[in-house]
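Atoms considered below: every heavy atom in the structure, side chains included; atoms not considered: hydrogens, waters and symmetry mates. Position 1 is the first residue of the sequence, and the numbers go up from there.
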Amino acid sequence: QVQLLQSGGGSVQAGGPLRLSCVASGFIFKSNCMGWFRQAPGKEREGIGFVYTFGDHTTYADAVKGRFIIARDNARNALYLSMTNLKPEDTGMYYCAARQQYGNGGCSYPADLTLFDDWGQGTQVTVTS
């Protein structure tokens, strides 16, 4: 059974950093495009960044460019989202997601969320001012 287990969320003051983790099991992690999404209160879920299977190419939404960095460790079946200079508008539920189709086709912002087959349980990030 495919599972994506998230951790690392919490509350942080504006300007601070936070790192989210997503550990996968049940599939060949290294063959999959991975992405991060978030959903703010009252808003639709949006893609914020994506990483190729080999981990050396990432793309991001304009709102997070220069502040968020995605990395993956295929040996550990892990995906990370390192966030700096957080803003109150970054508050929301953050989700990691895996695309089960092999390869990197479509694995760039703004990748459609329907391309992703498996999702983490979500992690709350709250940024206070």
Side-chain angles (χ1 to χ4, degrees):
Q1 181 179 353
V2 173
Q3 291 187 334
L4 299 175
L5 182 61
Q6 298 180 224
S7 62
S11 181
V12 63
Q13 291 187 352
L18 200 63
R19 189 192 193 204
L20 306 183
S21 298
C22 174
V23 179
S25 62
F27 67 100
I28 305 174
F29 182 81
K30 67 179 181 180
S31 298
N32 299 90
C33 167
M34 299 292 294
W36 285 100
F37 296 78
R38 70 183 180 186
Q39 186 169 10
K43 296 184 178 180
E44 298 294 322
R45 182 169 49 185
E46 62 177 348
I48 57 174
F50 305 90
V51 59
Y52 276 14
T53 60
F54 41 86
D56 64 349
H57 185 260
T58 52
T59 53
Y60 303 90
D62 288 344
V64 306
K65 285 181 180 177
R67 299 189 298 118
F68 290 12
I69 297 176
I70 295 171
R72 66 190 297 164
D73 185 343
N74 288 345
R76 297 182 177 182
N77 288 351
L79 179 74
Y80 306 99
L81 179 64
S82 297
M83 303 179 287
T84 58
N85 192 24
L86 283 162
K87 304 174 181 180
E89 51 264 44
D90 293 319
T91 293
M93 287 291 294
Y94 284 67
Y95 301 88
C96 63
R99 185 185 182 190
Q100 292 302 324
Q101 292 89 341
Y102 173 80
N104 294 309
C107 191
S108 298
Y109 182 86
D112 196 293
L113 62 84
T114 62
L115 298 177
F116 293 83
D117 303 287
D118 298 285
W119 295 81
Q121 81 277 19
T123 302
Q124 179 68 34
V125 172
T126 302
V127 184
T128 60
S129 60

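- If you take CD on Gln3 and CZ on Phe27, they are separated by 11.0 Å, rounding to the nearest 0.5 Å.
- Criterion: ILVMFWY side-chain heavy atoms under 4.5 Å apart, direct or through other members. Under it, Tyr109 and Phe116 are part of a common hydrophobic cluster.
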Under 3.5 Å, which donor-acceptor pairs link side chains of residues 122-129 to any protein atom two or more places apart or in another chain?
| unit_1 | atom_1 | unit_2 | atom_2 | d |
| --- | --- | --- | --- | --- |
| Thr123 | OG1 | Gln6 | NE2 | 3.1 |
| Gln124 | NE2 | Thr126 | OG1 | 3.3 |

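- Between Trp119 and Tyr95, the two ring planes are perpendicular [angle over 60°; tilted spans 30° to 60°].
- The environment of Gln13 atom CD is sparse: at most 12 non-hydrogen atoms of other residues, nucleotides or ligands sit within 6.0 angstrom.
- Nearest approach of Leu115 to Gln101, heavy atoms of both residues: O-OE1, 3.9 Å.
- Hydrophobic clustering (ILVMFWY, side-chain heavy atoms < 4.5 Å, transitive): Val2 and Phe37 are in distinct clusters.
- Taking CG of Leu5 as the reference point, atom CG of Asn77 lies at 12.5 Å (rounded to 0.5 Å).
- The 12-atom threshold is not exceeded at CD1 of Ile69, counting heavy atoms of other residues, nucleotides or ligands nearer than 6.0 Å.
- Two different hydrophobic clusters hold Ile70 and Tyr80 under the rule that ILVMFWY side chains link at heavy-atom gaps under 4.5 Å.
- Contacts classified as disulfide bond (SG atoms under 2.5 Å apart) and involving residues 100-129 (residues at least two apart or in different chains) are given here: Cys33-Cys107.
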For residues 38-55, run the donor-acceptor check on the side chains, cut-off 3.5 Å, and write out each pair with its distance to 0.1 Å, sequence neighbours left out.
| unit_1 | atom_1 | unit_2 | atom_2 | d |
| --- | --- | --- | --- | --- |
| Arg38 | NE | Glu46 | OE2 | 3.0 |
| Arg38 | NH1 | Asp90 | OD1 | 2.8 |
| Arg38 | NH1 | Tyr94 | OH | 2.9 |
| Gln39 | NE2 | Lys43 | O | 3.1 |

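- Note: the hydrophobic cluster containing Met34 does not contain Val23 (ILVMFWY, side chain heavy atoms under 4.5 Å, direct or indirect links).
- Hydrophobic clustering places Phe68 together with Leu20 (ILVMFWY residues linked when any side-chain heavy atoms are closer than 4.5 Å, directly or through intermediates).
- Nearest heavy atom pair, residue Asp118 against residue Gln100, reads OD2-NE2, 2.7 Å.
- Among pairs with a residue in residues 61-97, those fulfilling disulfide bond (SG atoms under 2.5 Å apart) read Cys22-Cys96, at least two apart in sequence or across chains.
- Checked against side-chain contact (heavy atoms from CB on, under 4.5 Å), Asp62 has the following partners two or more places apart in sequence or in another chain: Lys65.
- Listed by chain and residue number, nothing satisfies the ring-ring contact (aromatic ring centres under 6.0 Å, His included) test with Tyr60 (two or more places apart in sequence, or in another chain).
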